[in-house]
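Taking it in order: structure first as structure tokens, then the write-up.
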Amino acid sequence: MSKGQWLKFCVLIVLLTGAIAIYQRVQAQQQSEKPPVSDTQVKQVELPQHQAAPEDGENMVVQLCDGETNMTVKGARPGERLSPKRAQVVSDQLMNMWFAKRDPAVVKAWQQEAATAGKKPSGQESKKGSPTRSRGVKQEEQINDFTARDYSVWKRELEREVKYGDQVFHDDKLIGSTNGVSCAMCHPHAANTHPETYPKFQIQLRRVALLRDMINWCIENPSRGKKLNADDPKMRALEAYIMAQRKGVPMEYGKH
Amino acid sequence: MIPLKWSRRREEYLREREAWFDQLLAAGKSWQGRRRFLKMAAMAAGAATARSFTPQSFQLVEVASAAERPFSFAYISDSHLYEKTLNERFVRQLERAVADVNALDPQPDFILYGGDLAQLGQPGELKLGAEILKQLKAPVKYMVGEHDWFLDMGDLWKEMFGKPYYSFDHQGIHFITLMSVNEKDFWTAKGLTPMQRMQIVAGLDDGRQSAFEVGEEERDWLKNDLAKVPKTTPVIVFSHSPLYKLYRQWNFWTDDAEQVQALLRPFNKVTVIHGHTHQVLTNRLGNIHFHGMLSTAWPWPYAPQGLPKLTMQMNRPDPFNQVEGMGNGTIKVNQTGYVDHEYNMWNRNPLRVTEKYLSSNGTLDLPAKTTLSTY
């Protein structure tokens, strides 16, 4: 190795070590800048979706809201807009396909109820106060797929959400406050948050405000934090907790 | 001189709001309601001008009676200070109250500090508060609140400000300052640290704490103290919690209130001035008149039940206005020995709750009516 080559080699080594050191430092800095792992008490859930109806590429396939009953509309191209009349025919046919899978007595009751929906109950019925909406079918045959397990799961899940909301509402750190001010410091038991009055026009926000807009107002201003996305688990939990405190209060949207 | 501040701020706000309305209209985003909108804006502006502006002066009113002469004292209460680096706003608000009181002409005979100087009883918080209150020109009488107490059970507070309960006489009135926020031990059995204990007590709606009480030892002291005072002498009591039972869930409450009231009942005229509730709050139980003090930090909502009939609610605070529902106040002691309470509400008209209003059971001299009550 000539003297010149040796020198070049040395310079290269020095440069390489320097580059590695800088790379490592940048890596470390990036890692420290990463936001802390958010608490996972209430996880953001991927919503389930119905499996799309199989398409043959030629004809339109329409799916019923059960996610199972599919119907091919002959002569209509996929993505085409059906006329209202034809769309009605299609939806009626889909419903009939659904009825065909079910007990005729139950279907009859269901159809009777649908036919009287929106009409005032006759005086006699309302006076008796008995819920005999479907003549010909006994009470115990009315559809209720919900079991005690369903109710207990709903209750448990709801209570968990509200409990997490309670925690977020009372902890300045969880709402990202930078000045020690939590929601409960001005709103014990969520008093004077009046969720039942939203939406309403709020001149200071120049638009119709929802409860979450006001929550974000408080997070950003009195609490000096960063506002939450509408779908942030903390926002959802806060709304749940606030609503839970006003159970039974009549809705009065637009009230100032 | 104080009223000028709020009237200016209010005018500013109304101008701003009109501009917003104009902006909306100009953007063409509004519907057929254009005319209605304009009318609304005009009405709002009109109402604001009409409602204003009889500036309440802080001049003393000369009346003749049991006090040697009518006099006044001012109060500042519930500042809930954090360290300045954490929360500068609360500090600024206490400084505003100090400036308000220092601007009173004539100066009050003394100033009551109503408790909850600190938010979490930290030495830094108490010292910062003491430093700011030092700027007051008139002498200060200190009262302790639960936020000052439950970190070290009052050790530092007592070292800085002296006895938590005491009495003194001024211009023929017998004054008593109580420590009414004792709580039965809920922490030892649970093995809580002093900071955990402090934080539970600091949570108004935290049901893990006990009820406030004056306690037996202090009631004995009060009994002995009052034994020396003639029944015709007007008595004014300072307590941090209201000396009656309003709403247990938020400790708007004193558990042994009845026993304390019984000690005060034999006196002709008794007034209780209390903190903790952060709102305009008025009550009367026989010979005892009760007045709540405003906070400089934030207003509390009214309790969902148990509100005294005599309370004329202060309007619901506007969350877009940083100091709404807060302030300080002046207590004018009339020669009768009862008092008129002037709430100096920041950014609003002052509100007066007078002796006449209370003595007439709310039939005479009504305070300005509530137009935006609690939900």
Side-chain angles (χ1 to χ4, degrees), chain A residues 165-167 169-173 177-198 200-209 211 213-225 241-256, chain B residues 13 16-21 23-24 27 29-30 33 37 40-41 44 80-91 119-120 125 199-200 202-207 247 249-252 278-279 295 297-304 316-322 324-326 372-375:
Chain A
D166 185 340
Q167 218 179 319
F169 197 85
H170 286 81
D171 190 333
D172 58 291
K173 289 182 194 75
S177 165
T178 56
N179 62 5
V181 175
S182 71
C183 309
M185 270 167 70
C186 297
H187 301 279
H189 293 124
N192 250 353
T193 52
H194 40 78
E196 72 280 6
T197 66
Y198 298 98
K200 65 177 151 195
F201 183 76
Q202 201 73 48
I203 185 71
Q204 294 91 338
L205 299 178
R206 327 295 207 260
R207 65 168 176 173
V208 172
L211 174 61
D213 297 321
M214 295 308 294
I215 292 175
N216 269 337
W217 168 267
C218 284
I219 288 176
E220 282 193 286
N221 292 281
S223 294
R224 293 271 171 239
Y241 171 74
I242 291 170
M243 297 286 197
Q245 307 311 305
R246 296 296 275 178
K247 186 178 164 132
V249 175
M251 293 292 295
E252 271 202 84
Y253 86 97
K255 188 182 176 187
H256 278 272
Chain B
Y13 166 71
E16 242 173 50
R17 194 170 63 170
E18 250 179 293
W20 294 337
F21 276 119
Q23 208 180 310
L24 283 171
K29 276 184 189 157
S30 69
F37 241 120
M40 259 168 63
H80 294 265
L81 296 181
Y82 279 121
E83 298 271 2
K84 194 170 184 173
T85 46
L86 176 59
N87 192 318
E88 209 218 324
R89 181 160 60 90
F90 291 172
V91 176
Q119 168 66 5
L120 294 172
E125 298 169 354
Q199 259 161 338
I200 288 174
L204 193 78
D205 58 2
D206 197 321
Y247 192 60
Q249 284 89 326
W250 297 348
N251 256 334
F252 286 10
H278 299 202
Q279 59 196 214
S295 156
W298 66 80
W300 286 123
Y302 281 103
R316 198 171 63 230
D318 174 0
F320 292 93
N321 185 334
Q322 231 181 31
E324 274 259 309
M326 307 167 206
L372 291 169
S373 60
T374 197
Y375 284 105

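Residue numbering restarts at 1 for every chain, and letters A, B, ... go by the order of the sequence lines.
- Listed by chain and number, the residues in a ring-ring contact (aromatic ring centres under 6.0 Å, His included) with B:Tyr247 are B:Trp250 (sequence neighbours excluded).
- Here the CZ-CG distance, from B:Phe320 to A:Leu205, works out to 4.0 Å after rounding to the nearest 0.5 Å.
- Contacts between B:Gln322 and chain A at a heavy-atom distance below 4.5 Å involve the side chain alone, from C-beta outward.
- Proximity to chain B (any heavy atom under 4.5 Å) is restricted, for A:Glu196, to the side chain, taken from C-beta onward.
- Of the atoms belonging to B:Gln119, it is side-chain heavy atoms, and not backbone ones, that fall under 4.5 Å from chain A.
- What you find for B:Asn87 and A:Asn179 is that their closest heavy atoms are ND2-O, 2.9 Å.
- The minimum heavy-atom distance between A:His256 and B:Arg316, with the atom names listed, is C-NH2, 3.4 Å.
- Within a 6.0 Å sphere centred on NZ of A:Lys200, other residues, nucleotides and ligands contribute more than 12 heavy atoms.
- Nearest heavy-atom pair, A:Ala184 versus B:Asp205, reported as atom, atom and distance to 0.1 Å: CB-OD2, 4.2 Å.
- Only the side chain of B:Leu204 comes within contact range of chain A, with at least one heavy atom under 4.5 Å from a heavy atom of that chain.
- In this structure, chain A has a heavy atom under 4.5 Å from the backbone of B:Pro299, while its side chain stays farther away.
- Evaluation of the ring-ring contact (aromatic ring centres under 6.0 Å, His included) rule for A:His194 yields A:Tyr198, B:Tyr375 as partners, not counting sequence neighbours.
- Between A:Cys186 and B:Pro301 the shortest heavy-atom distance is O-CD, 3.3 Å.
- Looking only at distances, a side-chain donor or acceptor of B:Arg89 sits under 3.5 Å from a matching main-chain atom of A:Pro222.
- Of the listed residues (A:Met214, A:Arg224, A:Arg206), the greatest number of heavy-atom pairs within a distance under 4.5 Å of chain B belongs to A:Arg206.
- The greatest number of non-hydrogen atom pairs below 4.5 Å with chain B, out of A:Met185, A:His187, A:Arg246, is found for A:Met185.
- The contact between A:His170 and chain B is made entirely by side chain atoms (from C-beta outward), counting heavy-atom distances below 4.5 Å.
- Contact annotation for A:Ser182: neither backbone nor side-chain heavy atoms come within less than 4.5 Å of a heavy atom of chain B.
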